[in-house]
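Input: a single structure, listed below in structure tokens.
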Number of protein chains: 2
Amino acid sequence: MSTSEHGRNGSPVTMRDVAKVAGVSVATVSHVVNDKAGARIGDDARRRVQEAVIELGYRPNALAKTLSQGTSRFIGLVADAIATTPFAGQIIHGAQDEAWKHGYVLLVANTDGNEAAENEAIAMMLEHQVHGILYSTWYHREIQVPEALHQTDTVLVDCFAAGNVLPAVVPDEEQGGRTATEELLAAGHRRIAFINTTTPSPAQTGRLAGYRSALEAAGIEFDESLVFPAAPEQEGGYAATSALLESKATAVFCHNDRVAMGLYDGLREHGLRIPEDIAVMGFDNQDVIAAHLRPTLSTVALPHYELGAAGVRLLLGLEPAPESGPQLIACPPVLRHSI
Amino acid sequence: MSTSEHGRNGSPVTMRDVAKVAGVSVATVSHVVNDKAGARIGDDARRRVQEAVIELGYRPNALAKTLSQGTSRFIGLVADAIATTPFAGQIIHGAQDEAWKHGYVLLVANTDGNEAAENEAIAMMLEHQVHGILYSTWYHREIQVPEALHQTDTVLVDCFAAGNVLPAVVPDEEQGGRTATEELLAAGHRRIAFINTTTPSPAQTGRLAGYRSALEAAGIEFDESLVFPAAPEQEGGYAATSALLESKATAVFCHNDRVAMGLYDGLREHGLRIPEDIAVMGFDNQDVIAAHLRPTLSTVALPHYELGAAGVRLLLGLEPAPESGPQLIACPPVLRHSI
DNA sequence: GTGAAAGCGCTAACAT
DNA sequence: ATGTTAGCGCTTTCAC
């Protein structure tokens, strides 16, 4: 029935083939295939083209189209660590979905934080005529912008540059810290500790600021002795246990889920129950941890998917970038059973 | 100094521009830029071209090259769930690195397991003239091959099709199960339990087969009463605790890390110490869990990175596909402190 | 309404 | 040793 030559063998079907079968010119085929507005095509010709397209299994060559139009539908995503964490995957996912929605496709490159690989990756994307580049890191931080990025439209995802020289989208750490604290407050706690990381970062300062502002808003005076420094890992949380206990806090906001995980261990060793004896709130919503601790951990989610999606929107100019500073994406609370 | 017009503004520099500045023809430029073997170019001309390239900031247009050569350097990666798990990220990472190594770039698409999205994704890749497609799932299973995949070279990653109709690369579940058991054996255990999943899957049968074969090789008779069914999650492991304890096993191989995590909780409630009272082995090497449990969990790694890399190698024909059945990738042991 | 033709940036014969 | 030219598959302006 079909003389289709698409597929693994035979030379690919081109517009010319379709034109020949339909008995029209390639221009006409182009017009009907692209549903060109304002192209007056006779009903008959249109039908013949459509039939020929189906019969031959014609598939437009997106590359030729790009070349001819001078404008591609590629978006490049350069990540320093696609895999080190589940998080990066979410950024890709969000970026991909959003790009897709607007007819764009994602070109991804991993650089493992290596500068040479980074430059190579960017060069390659530029050679492929990407519309723009999303440059992302796997945790929120300030970066040095690679020189090559200035050669195309770029938006920073989960990172930002000094002087706000490039549009950026990052999680709203302060709001996140505030939200976490508010949840504890809403559960009736007044003496709330905060185990903060010892690592300088936007997360360190932002979450602390959020914690303070929530307390203030609730009319509770900030008590420096209630914030405990800890390595941002399980060990840190575990190690902070006794100091925390001495503070007589009834609830604790942990800098991240891993810290909370360590705290769980420490608390358990002291025979304390969560949340009856002490309520705990995490941060990050690291699924494998938070959803599987016992009791499951209430936390605040890092909006990686949204970060990727918003990055694409900014890049495509679908959304205006804030006048100054990065665009902040909210970190929503995820309530489970530790409060 | 430089009249460079690359970058955000100005029309892009083409080969013609370079030719003009260097005072040669585009053919010559093409030859030196691509380091064409057997193209005899005078030292002088070569130098002038190279200088012009730098001066103008010339960057080849990969799309035009593809169009003209008829052969692209894109590899498509269609995944059912880029983000649901840290794992998928590793597949992308491995595929990306390997593709890169051979001068290819990765086009990724997420389908969320939705058939329409899947077809659209494949169509889009075909339109972009991908060299071939990697079709991957986030856990090892048998799939129905989407019709459209037959239109190009495809290799299945972390999944396989009935009748071995497409080349595939999957983890070697049986070897993994054997390895896990062998580690327990090597630690001196003779009475080894196995908490297996209740979900039918290659993992269920493969790991069990590996467990049996390791026991046999050690001269230990397989004892059906030592294999316990459990939901493949934390709850399953927790629930299996008492039955396990009654069995008097001194070591236990868990179907996956989450089950092990639940078992940890159960064991702790019974006042048992790991590994002194009972040794536990996981499977999957789900980082966030395995590396952060107390004690850290010994396990067997699912080779996702390798799966992605091997998929690319198969696709590019760098490695022959096995005559029958999928290519098996070894699951290496990751020893920590639970044994 | 439809077609001819130029051109997107590059490669690859083929000339010279 | 280097230049000329004809495409690659498509879009688009302009004629008819």
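So that the names make sense, note that chain A is the first sequence line, chain B the second, and so on, each numbered from 1. Keep in mind it's a predicted model, so treat the numbers as computed, not measured.
- Residues satisfying the salt bridge (Lys or Arg N to Asp or Glu O under 4.0 Å) test with B:Glu319, not counting sequence neighbours, are B:Arg313.
- Taking all atoms of both residues into account, the shortest heavy-atom contact from A:Val145 to A:His150 is CG1-NE2, 3.8 Å.
- Shown are A:Val155, A:Thr154, A:Leu126; of these, the side-chain contact (heavy atoms from CB on, under 4.5 Å) with A:Leu149 is made only by A:Thr154.
- Within the structure, the side chain to side chain donor-acceptor pair (under 3.5 Å) test picks out no pair touching residues 161-170 of chain B (sequence neighbours left out).
- B:Arg47 pairs by the salt bridge (Lys or Arg N to Asp or Glu O under 4.0 Å) definition with B:Asp44, B:Glu51, not counting sequence neighbours.
- In the helix from C:dG1-D:dC16 to C:dT16-D:dA1, the end axes, each obtained as the rotation axis mapping the C1' atoms of four pairs onto the next four within a five-pair block, lie 50° apart to the nearest 10 degrees.
- One distance of note links CG of A:Leu307 with NE2 of A:His140; it measures 8.5 Å at 0.5 Å rounding.
- For the atom pair CE (A:Met125) and NE2 (A:His131), the distance works out to 14.5 Å, reported to the nearest 0.5 Å.
- Residue pairs meeting the salt bridge (charged side-chain N to carboxylate O under 4.0 Å, His left out) criterion with at least one member in residues 11-36 of chain A, sequence neighbours excluded, do not occur.
- For A:His31, there are no ring pair (Phe, Tyr, Trp, His ring centres under 6.0 Å) partners at least two apart in sequence or on another chain.
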Anything under 3.5 Å between a donor and an acceptor, one on a side chain of residues 69-77 of chain A, the other on a protein residue two or more places apart or in another chain? List them.
from, atom 1, to, atom 2, distance (Å)
A:Ser72, OG, A:Phe74, N, 3.1
A:Ser72, OG, A:Gln129, O, 2.6
A:Arg73, NH2, A:His102, O, 3.3

- request: Can you check each nucleotide of nucleotides 7-16 of chain D against protein heavy atoms at under 4.0 Å and return B for base, S for sugar-phosphate only, - for none, in 5' to 3' order?
  value: BBBBSB----

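- You can see that DNA chain C meets the heavy atoms of chain A within a 4.0 Å-exclusive cut from C:dG1 to C:dG9, reading 5' to 3'.
- Residues that satisfy the ring pair (Phe, Tyr, Trp, His ring centres under 6.0 Å) test with B:Tyr305, not counting sequence neighbours, are B:His93.
- A heavy atom closer than 4.0 Å to some atom of DNA chain D occurs in no member of residues 121-129 of chain B.
- Counting only residues at least two apart or on different chains, no salt bridge (charged side-chain N to carboxylate O under 4.0 Å, His left out) pair has a member in residues 114-134 of chain A.
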